[in-house]
Student: 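Before we start, here is the structure in question, set down as structure tokens.
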Amino acid sequence: MQTYKAPLRDMRFVLQELHADFDTKGLPGLEDFTPDVADAILEEAAKFCTERLLPLNASGDEEGCRLENGVVRTPKGFPEAYRAFREGGWTAMGSDPAYGGQGLPAGINKLVEEMICSTNLSFGLYPGLSHGAYQAIQGHASEELKSAYLPKLVDGTWSGTMCLTEPHCGTDLGLLRTKAVPQGDGSYAITGSKIFISAGDHDLTENIIHLVLAKLPDAPKGVKGISLFLVPKFLPRADGTPDERNGVTCSALEHKMGIKASATCQMSFDDAKGWLVGEPHKGMRAMFTMMNSERLSVGIQGLGAGEAAYQGAVAYAKERLQGRSLVGAKRPDLAADPIIVHPDVRRMLMTIRAYNEGCRALGAWVARSLDVMERHPDPAERRRAEDFSALMTPIVKALFTDLGFESASIGMQVYGGHGFIRDHGMEQYVRDARISMIYEGTNGVQALDLVGRKLPAHAGRFLRSFFHPMLAALDEAIEDDDLAPLAQPLSKAFGALQLATAHIAQKGLKDPEEAGAAATEYLRLFGLVALGYMWLRSAKVAHTALRAGTDERDFYEAKLTTARFYMERILPQVAGLLAGVKAGKGAMMALDEAMF
């Protein structure tokens with residue numbers, strides 16, 4: 001039995017206390033966004049997710065999607081839930097009011113996404129892909145395409161997809177074979193096959209808008225020859241209603257390990273009519289708008305899985321009776337103590353808790369930088385925010401999903417044998433979470449992006465957006481008697497990050513394989529230090545509240561305890577990661593291919 005209660009108190013802590021120095025009311029378009037408005041949105045989202053999405057999670061996993069006569073049918077209850085989701089305005093939250101959106105801050109959008117992912121990850125992929133398509137079209141399409149397609153995507157009557165992968169090529173999109181042939185009316189005939197297309201076909205919306213990567217006849221070789229095209233499932237009439245079927249079909253559904261209620265399709269385009277988005281041969285620029293948005297959202301999927309796993313594991317640990325406490329019976333009135341009294345169970349629960357609350361804090365910081373990047377009137381502030389979001393996007397995607405899967409696995413371990421069977425729903429979280437480490441660029445690709453592109457960009461300018469504020473916070477915290485015990489180990493970890501960065505910069509310039517060999521350890525090291533920074537800041541807020549005599553002592557004391565646990569039990573991983581970074585490529589690359 002899956003259970004969930006939205007962590008609204010911690011979400012308010014992140015939005016209104018931890019990042020209180022970031023005032024969204026100072027940004028154009030967000031003047032009316034107050035804490036009361038945020039609370040109301042989060043409470044309504046929590047209600048919808050708990051009442052409408054959570055009950056469909058296990059049943060949707062059990063039933064899955066099916067392909068019938070060329071049409072994909074989603075599990076029982078999904079069309080009705082989506083209709084309620086759309087009518088409630090949830091598809092319009094983060095979109096421009098010019099197209100019917102609500103224009104809410106990215107920070108609140110990501111917290112709502114977390115709740116959706118905790119309660120029904122499969123469901124969340126449908127509107128999630130649509131918003132990514134919205135962003136790509138808004139940022140790169142013609143005004144004619146924007147006015148025709150964006151209002152329908154925003155109100156949720158239409159949905160969107162991204163069609164990149166082909167059977168013979170995944171990350172290396174320069175190998176794709178899908179063709180686009182110009183027609184006399186300004187449109188293009190798109191022909192080719194795509195695989196692993198999330199939400200490629202379904203019965204939730206009246207039309208589906210595919211963003212398809214393809215090559216024009218005169219395309220240069222490689223990724224420099226890729227263009228992006230908008231291809232609707234149904235060609236719309238002048239009034240926007242769907243007309244004749246386009247040359248787009250779902251040829252098969254993928255048989256997957258998890259997210260079974262999300263339709264992952266093999267798509268065929270047979271002279272399908274489409275329109276160019278952006279400039280010819282510049283499709284990757286437009287598609288990266290969508291992909292970067294999706295990478296942040298996929299990171300939030302990891303957090304959502306971790307939170308669901310934590311709540312399930314805590315509930316089970318409090319009720320499962322087994323053995324006695326090592327220091328004597330804690331519940332002599334029962335036949336045995338609940339397993340939450342045992343140190344190893346506490347270790348597991350505290351690990352998940354520290355991961356989740358740290359990721360929530362870091363994710364909100366990155367999300368808020370998106371608002372600054374898009375809305376701040378000062379170009380220098382916009383550039384700093386853009387630097388920070390560029391640096392942190394691969395970290396959020398890879399770290400959050402690594403930790404989300406790890407947390408789901410730990411949650412299963414808390415259940416013991418009962419976690420391995422389907423009755424409690426924990427094994428579904430493990431299966432569902434695993435894909436997040438793969439799609440939108442595997443986590444290894446994210447690490448290569450970090451060391452190969454983000455670190456050297458503009459002579460290391462991106463790094464300053466993180467290093468400078470962290471260094472200032474450490475200098476201040478070391479002088480604070482309450483914070484010094486946390487700041488000291490974090491300062492050592494930050495030093496390890498600086499050493500790892502210098503090592504990669506020195507070795508990687510001479511030999512790209514050295515940077516590649518260190519990339520995954522480096523990203524994890526960077527991410528753990530970033531979470532440590534969030535815990536240091538959280539502890540500062542908690543101490544301030546306790547000194548002021550807050551009536552929520554339990555909440556803030558729990559923050560301090562979790563911060564201490566993080567610094568004592570998780571942050572020390574940094575030392576081993578630094579050793580891995582410095583070890584270099586030697587043993588990793590030494591064997592001849594034939595020896596594997």
Side-chain angles (χ1 to χ4, degrees), residues 14 18-19 299 302-303 306 351 353-366 369 387-404 406-407 443 446-447 449-451 454-455 460-478 483-505 515 518-541 559 562-582:
V14 166
L18 182 62
H19 298 303
L303 172 56
T351 296
R353 181 188 185 113
Y355 285 162
N356 288 345
E357 294 183 13
C359 288
R360 186 173 295 119
L362 181 58
W365 187 21
V366 177
S369 74
D387 288 352
F388 179 70
S389 64
L391 175 70
M392 299 306 294
T393 292
I395 295 173
V396 168
K397 193 280 179 185
L399 181 75
F400 286 24
T401 57
D402 280 350
L403 298 186
E406 184 179 328
S407 295
N443 288 358
Q446 304 303 316
D449 178 47
L450 178 62
V451 302
K454 304 306 170 56
L455 297 193
R461 191 184 79 202
F462 289 0
L463 285 171
R464 293 195 288 273
S465 67
F466 177 83
F467 280 23
H468 287 183
M470 181 167 183
L471 185 60
L474 284 170
D475 288 343
E476 179 183 342
I478 289 290
L483 295 177
L486 302 178
Q488 289 165 357
L490 182 58
S491 180
K492 292 180 181 178
F494 183 51
L497 175 59
Q498 292 173 305
L499 288 173
T501 304
H503 177 85
I504 289 176
T520 291
E521 284 91 349
Y522 180 78
L523 186 148
R524 178 81 168 213
L525 193 162
F526 201 136
L528 292 181
V529 171
L531 294 189
Y533 179 35
M534 292 297 96
W535 276 115
L536 180 66
R537 290 186 56 184
S538 296
K540 180 180 179 180
V541 173
K559 278 289 176 191
T562 310
R564 192 170 75 248
F565 177 88
Y566 184 86
M567 302 301 184
E568 293 174 355
R569 303 301 296 250
I570 297 177
L571 193 61
Q573 295 174 24
V574 164
L577 292 165
L578 176 60
V581 168
K582 295 172 72 174

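Numbering of residues begins at 1 and proceeds along the displayed sequence.
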Student: Any chance you could measure L471, atom CG, to D475, atom CG, to the nearest 0.5 Å?
Tutor: 4.5 Å
Student: I'd like to know if the side chain of S491 reaches the main chain of Q488, judged simply by a donor and an acceptor atom lying under 3.5 Å from each other, with no hydrogens or angles considered.
Tutor: no
Student: What's the shortest heavy-atom distance between F462 and A390, and which atoms?
Tutor: CE2-CB, 3.8 Å
Student: For a quick test of reading the model, state the closest non-hydrogen atom pair linking A530 to M392 and the distance between them.
Tutor: CB-CE, 4.2 Å
Student: Show, in sequence, the C-alpha distance, side-chain angles and deciding distance for L531 and I570, and conclude whether the side-chain contact (heavy atoms from CB on, under 4.5 Å) test is met.
Tutor: CA-CA 10 Å; L531 294 189; I570 297 177; over 6 Å; no
Student: Would you compute the distance between atom CG of L483 and atom CZ of R537 and round it to the nearest 0.5 angstrom?
Tutor: 12.5 Å
Student: Step by step, would you call D387 with R461 a salt bridge (Lys or Arg N to Asp or Glu O under 4.0 Å)?
Tutor: CA-CA 7 Å; D387 288 352; R461 191 184 79 202; 2.8 Å; yes
Student: Only counting residues at least two apart or in another chain, list the ones meeting salt bridge (Lys or Arg N to Asp or Glu O under 4.0 Å) with R524.
Tutor: E406
Student: Write out all pairs satisfying side chain to side chain donor-acceptor pair (under 3.5 Å) with one or both partners inside residues 389-398, taking only residues at least two apart or from two chains.
Tutor: K397-N443
Student: Might you confirm whether atom NZ of K540 has over 12 heavy atoms from other residues, nucleotides or ligands at distances under 6.0 Å?
Tutor: no
Student: How close do M567 and P572 get, heavy atom to heavy atom, and via which atoms?
Tutor: O-CD, 3.4 Å
Student: Considering non-hydrogen atoms only, spot the tightest contact between G532 and L490 and give its length.
Tutor: O-CD2, 3.5 Å
Student: Which distance, rounded to the nearest 0.5 Å, do you find between the CG of L577 and the CG of L497?
Tutor: 11.0 Å
Student: Atom CG in L528, atom CG in L399: separation rounded to 0.5 Å?
Tutor: 6.0 Å
Student: Which heavy-atom pair separates V541 from L18 by the least distance, and what is that distance?
Tutor: CG2-CA, 4.2 Å
Student: Hey, what's the ring geometry for F467 with F494, parallel, tilted or perpendicular (30° and 60° as the breaks)?
Tutor: perpendicular
Student: Side chains of L391 and F526, heavy atoms from C-beta outward: is any pair under 4.5 Å?
Tutor: yes
Student: Any idea which heavy atoms bring E357 and W535 closest together, and the distance?
Tutor: OE1-CH2, 3.2 Å
Student: In terms of relative ring orientation, are W365 and Y533 parallel, tilted or perpendicular, with 30° and 60° separating the classes?
Tutor: perpendicular
Student: With rounding to the nearest 0.5 Å, note down the distance linking CE in M534 to CE in M470.
Tutor: 8.5 Å
Student: In Å, rounded to the nearest 0.5 Å, how long is the span from CZ of F400 to OH of Y355?
Tutor: 13.0 Å
